[in-house]
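Here's the structure, in structure tokens; my notes come after.
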Amino acid sequence: MMAQYLALREDAGDALLFYRMGDFFELFFEDAKAAAAILDIALTTRGEHDGQPIPMCGVPVHSAESYLARLIRAGCRVAIAEQIETPDEAKARAKREGTPSSKVLVGRAIVRLVTAGTLTEEALLEPRRANVLVALTELRGSIGIAACDVSTGAMVLEECAPEMLGAALARIGPSEVVVPEDWANGPDEAIFRPRGTFASDAGADRLKALHAVATLDAFGDFSRAMLAAAGGLIAYLDHVGRGNLPLLLPPVRRTAEAGMAMDEATRASLEILESTSGGRNGSLIGAVDRCVTGAGSRLLAEDLSAPLLDHAAIEARLALVQFWRDRPIERAQLRDGLRAIPDLGRALGRVVAGRGSPRDLGQLRDGLSEAMRLHRWLSGAPDRPALLDDMLARLTGHGALTDLLGRALVPSPPTERSNGGYIADGYDAGLDELRATSGDARRAIAAMEARYRDETGIATLKIRHNGVLGYFIEVAARHADRLMAPDSGFTHRQTMKDAVRFNSLTLHEEAARIAEAGGHALAAEEAHFEALVAEITAARESIAATAAALARIDVAAANAERAAESDWCRPEIAEDTGLTITGGRHPVVEAALAQAGERFVANDCVLAQDNRLWLIGGPNMGGKSTFLRQNALIVLLAQAGCFVPATAARVGLVDRLFSRVGAADNLARGRSTFMVEMVETAAILAQATQRSFVILDEVGRGTSTYDGLALAWAVAEAVHSRIACRCLFATHYHELARLAETCEALSLHHVRAREWQGDLVLLHELAEGPADRSYGLAVARLAGVPDAVVERAKAVLEKLEATREATGGIAAGLGDLPLFAALRPEPQASPEQRLAEQLRAADLDALTPREALDLLYQWKRALPANKR
Ligand code: ADP
């Protein structure tokens, strides 16, 4: 056994080896130690190797999936070595080969590698997340990317420049990446594969053969780099599936111009699919997703990861959202219908990959029938937008298949195929007969029990069944003698502690009838299963299209649902470089505040070519970051075809979105944080265009005051004058306000705050003009810094400010004007005075109840908190 094990171990490479022994997968040596630690299961020993006991652990085959899931999540790859012959076959082989049968070992082989990027099992996948495998290769200075979600077969080919690879991978979010073995430019955790598998000719040939076409032209115009990557991807799938390929749909070409560009840093800082702390909670998708199907959530994630740039395509999505927004009752009905639909794409993936269960066939039957029902229902709806018609066309055409599956399968087929019972009665007369035969025999056995009780006079005699003996007659030990008599007609089989077991000729005959019929019935069901799988495989593309159409409809209805929930609006998409957002809100922060019973203050943002850079000052915690991000998120949502959290929004199409956060917020990162900040900022200056939208949050904070101010100054100037794109720039450097003197399209704004008797009141409200002061000490007090320390700081500050007055401050050399002299606001009235003024000025009769409520909230916020 050891020789066989070690050969397989060698074959498994860096994967853990699951070695099948009966009802267990066993792991040995280092594999056992690693797995036992990750799975928290007992590590034992077995036998010896080189004089040492062999470490061993095992997992039961029937629950192997949950263990696999944990190993994969921990970053392992697992090779599954199955028994590829039965013990009887092994014995027959031994006889042929002349080996003594005591030495014979059941043949085993690795049938599959389980890796993070090649999963199809429901239990191993997250329903709401795509699971993407990526192959990369570089060809003449350009990188080919082949991406495939093996669970649904969707395959996308694209190409990019080496410096854009990081952004592309951040968009795709792969679970596993494979690259040629001698290529050093891939991501750190990439898996190396033989260079020869990344050949464009072979890639093209494999694709043509897979899809039975003479040329790939019908699918798109693929470059050699793309085809080479596709070759590497398919060869890897071959390798992990040991020749068994999963579902692969025709490749789709993605063009670089197709979408709004966002780099890795932008995605991370906007927390699109994951929050900084990891996970959906606190992310954009967490706050937006109201999909009722896993496939819908996966498509929404794709939409948000790759917002569009094509005006018509965005409008098409928005029109579909609008359609459902206007029809709340139908929307609710639709969502009820969708909720009941199984994950068609993934069921299809399993069936085509040869890992389908009868239950998967049932899911396809139910899902496709429901899709056709939705088609009939929605085809009658008036005023359908074009995208809905496109989708409707893909929901239908499965009549013959659903009819076949409907007749062939029992209502709820089992997940296990090995016990049969999933083909419906009446589908196959031969199968019905076999079942009738074994049914007859079972009834005969039941009758036999009664007869034997009569004949023997043993009322407790039972006919029972188990896996080892098959059918047998059992009586209590004290009655056994009667059946032991040579002429009793019973033959002894087994003596237990309290019972004795017998056989009889008639029982044997009936049992044989059951076994034979059962075996034939199983074989018949298997044959039907294979035939149904073949039918489904033949229809794979249209089934996948139906699954995709259902997902698109789910996403649109979910976006409508979300919009209705919080009164989001349909954005207007424009071709210019303006951005006008009225009453904008941050979906994540708003939801978090709502949970705490607090209200979010909506703010406007109006950028245009002649007022394209807003410099935003104001105290810490005043809402600057939130404002910056909410506007970026609104642009992103709009171009993803979603409604947006605002009362009105007009978005001039953004080609690239950049978001940068000053390094001080990112202390957790390893590299010099300031270095990171500057590398990321440099990328903006290199890549942004006039159509881009940039948000810069406290850039320059990661270094000394002078450096930081100088850099922030220079970056703001460059964004304003060289790139001339829309930009929101939050900063605590007052000195930057002086940029307004030279930059004609830059305007000053601040988040409002009040200090009242030493307490700080943050209004989270954006206003025009520069921030009057930093409120740093008030923020410190708010944060719980002891009064004595704050008092001391105040004294220090007064000294510093006196010096600044005298010298002109740190930006004194930048111009002749004294700092802010022209910009310093009027002395402020106290909050109470202001309140009184506003109350006096309010025209109560002209207010709607909603406005009145808003005013009340506003006033309440404006009031200083009670003194402690
Ligand atoms: P800054 O960037 O100015 O330091 P943040 O944007 O991080 O401030 O906001 C600090 C906190 O203030 C947020 O966590 C949120 O709770 C609250 N906040 C921000 N904006 C608003 C708003 N518009 N309405 C209500 N609360 C807000």
Side-chain angles (χ1 to χ4, degrees), residues 269-271 275-277 281-284 286-287 566-568 581-605 614-634 644-647 649 659-667 677 695-702 708 712 727-734 736-737 748-755 759-767 770-784 853-863 865:
S269 97
L270 292 179
E271 303 176 286
S275 71
T276 333
S277 48
N281 262 350
S283 70
L284 175 66
S566 324
D567 219 0
W568 291 10
I581 293 166
T582 315
R585 291 167 277 151
H586 190 302
V588 180
V589 176
E590 181 175 32
L593 287 176
Q595 283 212 331
E598 287 173 46
R599 263 172 60 102
F600 188 89
V601 182
N603 278 304
D604 300 347
C605 174
W614 277 21
L615 199 64
I616 301 161
N620 264 331
M621 296 299 287
K624 299 185 295 297
S625 300
T626 306
F627 178 73
L628 261 51
R629 281 159 216 241
Q630 84 191 26
N631 291 301
L633 293 178
I634 286 171
V644 299
T647 44
S659 169
R660 293 294 184 267
V661 183
D665 278 359
N666 282 335
L667 281 179
E677 181 183 336
I695 62 173
L696 293 166
D697 193 356
E698 300 278 11
V699 161
R701 176 163 52 175
C727 175
L728 300 175
F729 196 122
T731 182
H732 67 280
Y733 291 121
H734 293 254
L736 282 189
L748 302 178
H749 304 259
H750 63 277
V751 284
R752 291 178 62 199
R754 288 285 159 64
E755 206 172 344
D759 272 335
L760 186 70
V761 186
L762 300 168
L763 302 179
H764 304 300
E765 203 178 282
L766 220 79
D772 42 3
R773 39 193 296 220
S774 81
Y775 297 99
L777 300 187
V779 173
R781 189 192 300 265
L782 204 65
L853 188 63
D854 282 345
L855 259 187
L856 268 180
Y857 271 107
Q858 198 183 320
W859 286 339
K860 182 129 196 227
R861 260 196 321 272
L863 266 186

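One-based numbering, in listed order, for ligands and for the atoms of each. Residue numbers run from 1 in the order of the sequence given.
For atom 7 (O) of ligand 1, the nearest non-hydrogen atom from the set Pro619, Ser625, Ala730 belongs to Ser625. Looking at Arg629, His732, Met621, Glu698, it is Met621 that brings a heavy atom closest to atom 11 (C) of ligand 1. The option from His764, Lys624, Glu765 that lies nearest to atom 12 (O) of ligand 1, judged by heavy atoms, is His764.
A heavy-atom distance below 4.5 Å is found between the side chains of Ile695 and Leu270.
Taking every non-hydrogen atom of Gly622 and a distance limit under 4.0 Å, the qualifying atoms of ligand 1 come out as 1 (P), 3 (O), 8 (O). Which parts of ligand 1 touch Asn620 is read off a 4.0 Å heavy-atom cut-off, strictly below it: atoms 4 (O). Near Leu593, meaning under 4.0 Å from one of its heavy atoms, ligand 1 places the atoms 16 (O), 25 (C), 26 (N). Near Gly623, meaning under 4.0 Å from any of its heavy atoms, are these atoms of ligand 1: 1 (P), 3 (O), 5 (P), 6 (O), 8 (O), 9 (O), 19 (C), 20 (N).
For atom 19 (C) of ligand 1, the nearest protein heavy atom (residue, atom name, distance) is Thr626 OG1, 3.4 Å.
With values rounded to the nearest 0.5 angstrom, Gln630 atom CD is found 9.5 Å from Arg585 atom CZ. Here CZ of Arg660 is found 12.5 Å from CZ of Phe729. Values are rounded to the nearest 0.5 Å. With rounding to the nearest 0.5 Å, the separation of CG in Leu728 from CG in Asn631 is 5.5 Å.
Within the 3.5 Å criterion, the main-chain N or O of Trp614 finds no donor-acceptor partner in the side chain of His749. In this structure, His750 contributes its side chain and Arg752 its backbone to no donor-acceptor pair below 3.5 Å.
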For this session: Kindly indicate, with the supporting measurements, whether the criterion side-chain hydrogen bond (donor to acceptor under 3.5 Å, both in side chains) is fulfilled by Glu271 and Thr276.
Result: CA-CA 6 Å; Glu271 303 176 286; Thr276 333; 2.4 Å; yes
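Contacts between Arg599 and ligand 1 below 4.0 angstrom, taking non-hydrogen atoms only, involve the backbone exclusively.
Side chains of Asp697 and Ser625: a donor on one and an acceptor on the other come within 3.5 Å.
For atom 14 (O) of ligand 1, no protein non-hydrogen atom is found at a distance below 4.0 Å.
For Val601, a nitrogen or oxygen atom sits less than 3.5 Å from a nitrogen or oxygen atom of ligand 1, counting backbone and side chain alike.
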